Engineer: 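Handing you this structure, nothing more for now.
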Amino acid sequence: MGLSSPTEAEASATEAQSRTDASQTGLRRSMEARHLVMIAMGGVIGSGLFVSSGYTIATAGPLGAVLAFLIGAVVVYLVMACLGELAVAFPVSGAFHIYAARTIGPATGFATAWLYWLCWAVALGSEFTAAGLLMQRWFPGVDVWIWCFVFATVLFTLNAISSRVFGESEFWFALIKVAAVVGLIILGGAALAGFHPLAAGEYPSFGENFSTPEGLFPNGFTGVFVTCLAVFYAFSGSELIGVAAGETANPGANIPKAMRTTVIRLMIFFVGAITVIAATIPYEKVSVDESPFVTVFSMLGIPYAADIMNFVIITALLSAGNCGLFSCARMLFSLADEGHAPQVFKKLTKRGIPMVALCVSMLGGLASLISSVVAPATVYLVLVSVAGFATVGVWMSIVASHFIYRRTFIKNGGDLSTLPYKAPLFPLVPILAFALCLVSLIGIAFDPNQVAALLFGVPFVGACYAVFYFKYGRRRSLKKAVDA
């Protein structure tokens, strides 16, 4: 698919540079390729697939939903290809804003970092709340906030011990979710082919639900168009490989390997799962009130399907929260390392953990949790819409950074054969990825349920630029980038 591995000599050279970078930052390079893959899978496979996929099917129709997820998979491949080259070139922790700062400008890097930090800080609160609510199925007498506190404590502990413990815990968290998705594809696919011994009554055959009374696209192709942002948000988290680059052993070899594996698995899992769901449940009966996964497993007649999926979805939420907390802390550390946040965020424990940044990120997540409970629903929806906007904004920053980086590299007489990893089909890949992301942002202007992402996301980005301008001034530059 174009994500080729570097040669042994090139990987060794990159590893030597990575050891230098690690010694400069103090972060430990203790994660392997399998940890990176599961961190990305854990960050991606969450409520976007388990719950929000119902919204996509209901809005775009069965075939439209499959097409929307195919578009999402293509965009993820394009973004990951660009990210792979940048992550190997700059194997630093919390890398997104550094890519932008060193290629586009420090103000863009500053805005990208805070946008991504806000995305995950908001997500932390919503994930803790949702997991607490789901626990009430089994423990109705225990208040939601107690479960939120328990889950927050567990995830904080996992992140505070070491990056390897975080990577190992995320590996097992993600494995549970992957097993659920694979089970849905295999069992649901077999049932659509006619093998459903436990199902009660008639079961749809493959393709039966794709032809609706209103045609293949019941809400027109516009339905596909306006769901693109929701689908892209479902794929968000794949970029976490870039965040963890600074704590990855031998990044020149492990990052491209993890990128390639992640893209292939995401295409199979997401497109396969949405195809089975769309073919099984009539689109007019799909909603976000119940996970489509629960509906499919219940239709299959699997005993205790609702309880099984309740456990899996809780695991999915905690896994995403685990990744989110890791990402938030590394973003603050990286901002401080670049001189764009208080230097206290650079303080590391003996195990190489940015503890102050981790604590502040947890407080940010708990603050959004409180707002989701006590503030008006509109305020909370605004925060969530900013999170969706942030995902696409960061992707656009990544591909734009790659486009400028490669052009500058060539302009300065760089030899492409010396790059450990090269994104294919330059400049088509970054240009196409940027255009598709931009189209998704334009599309949500036509959806009343998502337009808040523009109304509040754009001013937030503008505020970040304004803060940078007034706090650091236009003369502020990244001396490290020049020296590098």
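None of the values given here were measured: they were computed from a predicted structure.
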Engineer: Is there side-chain contact between F468 and W114, with at least one heavy-atom pair below 4.5 Å?
Structural biologist: no
Engineer: Does any part of the side chain of V76, heavy atoms only, come nearer than 4.5 Å to the side chain of W395, both counted from C-beta?
Structural biologist: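 Side-chain contact under 4.5 Å: yes.
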Engineer: Check whether any side-chain heavy atom of L332 sits under 4.5 Å from a side-chain heavy atom of P354, and report yes or no.
Structural biologist: no
Engineer: Do N159 and M362 come close enough that some side-chain heavy atom pair is under 4.5 Å?
Structural biologist: no
Engineer: Just by distance, do the side chain of T112 and the backbone of T108 share a donor-acceptor pair under 3.5 Å?
Structural biologist: yes
Engineer: Can you check whether V399 reaches C437 side chain to side chain, under 4.5 Å on heavy atoms?
Structural biologist: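 Answer no - side chains too far apart.
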Engineer: At what distance, to the nearest 0.5 angstrom, does CD1 of I314 lie from CZ of F151?
Structural biologist: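 So the gap between those two atoms works out to 5.5 Å.
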Engineer: Could you point out which residue of F156, F345, F326 forms a side chain to side chain contact (heavy atoms under 4.5 Å, CB included) with L358?
Structural biologist: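 Among the candidates, only F156 passes.
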Engineer: Would you find a donor on one side and an acceptor on the other, under 3.5 Å apart, between the side chain of R406 and the backbone of A423?
Structural biologist: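 Yes; at least one donor-acceptor contact below 3.5 Å.
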Engineer: Listed by chain and number, what are the ring-ring contact (aromatic ring centres under 6.0 Å, His included) partners of F426, not counting sequence neighbours?
Structural biologist: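 For F426, the residues satisfying ring-ring contact (aromatic ring centres under 6.0 Å, His included) (neighbours in sequence not counted) are H402, F403.
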Engineer: V312 versus F293: any side-chain heavy-atom pair under 4.5 Å?
Structural biologist: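 No. Closest side-chain heavy atoms not under 4.5 Å.
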Engineer: How far does CD of E85 sit from OH of Y421, to the nearest 0.5 angstrom?
Structural biologist: 7.5 Å
Engineer: Can you see which heavy atom on I353 is nearest to which on A160, and at what distance?
Structural biologist: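 So the two residues come closest at CG1-O, 3.6 Å.
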Engineer: So F270 and V231, do their side chains get closer than 4.5 Å, heavy atoms only?
Structural biologist: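 Of all side-chain heavy-atom pairs linking F270 with V231, none is under 4.5 Å.
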Engineer: Side chain to side chain contact (heavy atoms under 4.5 Å, CB included) for L266 and M80? Distances and angles first, verdict last.
Structural biologist: CA-CA 12 Å; L266 285 178; M80 294 284 273; 5.8 Å; no
Engineer: So how far is it from I98 CD1 to D337 CG, rounded to the nearest 0.5 Å?
Structural biologist: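 The distance works out to 6.5 Å.
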Engineer: Partners of Y405 by ring-ring contact (aromatic ring centres under 6.0 Å, His included), sequence neighbours excluded?
Structural biologist: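 Y405 satisfies ring-ring contact (aromatic ring centres under 6.0 Å, His included) with F90 only.
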Engineer: Using every non-hydrogen atom in the two residues, find where A329 and A357 come nearest and quote the distance to one decimal.
Structural biologist: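 Heavy atoms of A329 and A357 come nearest at O-CB, 3.4 Å.
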Engineer: Under the side chain to side chain contact (heavy atoms under 4.5 Å, CB included) rule, collect the residues that match up with V467, sequence neighbours excluded.
Structural biologist: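 Result, side chain to side chain contact (heavy atoms under 4.5 Å, CB included) vs V467: F110.
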Engineer: Atom CG of L363 and atom SG of C328: how far apart are they, to the nearest 0.5 Å?
Structural biologist: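 These two atoms lie 11.5 Å from each other.
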Engineer: Checking side chain to side chain contact (heavy atoms under 4.5 Å, CB included) for the pair Y99/S397: CA distance, chi angles, key distance, verdict?
Structural biologist: CA-CA 8 Å; Y99 304 157; S397 172; over 6 Å; no
Engineer: Kindly give the heavy-atom pair with the smallest separation between L436 and L78, and that separation in Å.
Structural biologist: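 Closest pair (atom of L436, atom of L78, distance): CD1-CD1, 4.3 Å.
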Engineer: According to side chain to side chain contact (heavy atoms under 4.5 Å, CB included), who are the partners of I404, at least two apart in sequence or on a separate chain?
Structural biologist: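 Partners of I404 under the side chain to side chain contact (heavy atoms under 4.5 Å, CB included) test: T103, I104, T408.
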Engineer: To the nearest 0.5 Å, how far apart are CE in M135 and CD1 in I146?
Structural biologist: 11.5 Å
Engineer: Which residues satisfy the side chain to side chain donor-acceptor pair (under 3.5 Å) test with T59, sequence neighbours excluded?
Structural biologist: none
Engineer: Locate the shortest heavy-atom distance separating M355 from T349; write the atom from each residue and the value.
Structural biologist: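 Heavy atoms of M355 and T349 come nearest at CB-CG2, 3.7 Å.
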Engineer: State which residues pass side chain to side chain donor-acceptor pair (under 3.5 Å) with N412; sequence neighbours excluded, sorted by chain then number.
Structural biologist: none
Engineer: Could you go step by step and tell me if V66 and L70 meet the side chain to side chain contact (heavy atoms under 4.5 Å, CB included) rule?
Structural biologist: CA-CA 6 Å; V66 175; L70 280 171; 4.3 Å; yes
Engineer: Please find the pair of heavy atoms, one from A336 and one from Q343, that lie closest to each other, and give the distance.
Structural biologist: O-NE2, 2.8 Å
Engineer: Quick one: are V79 and F235 in side-chain contact, heavy atoms under 4.5 Å?
Structural biologist: no
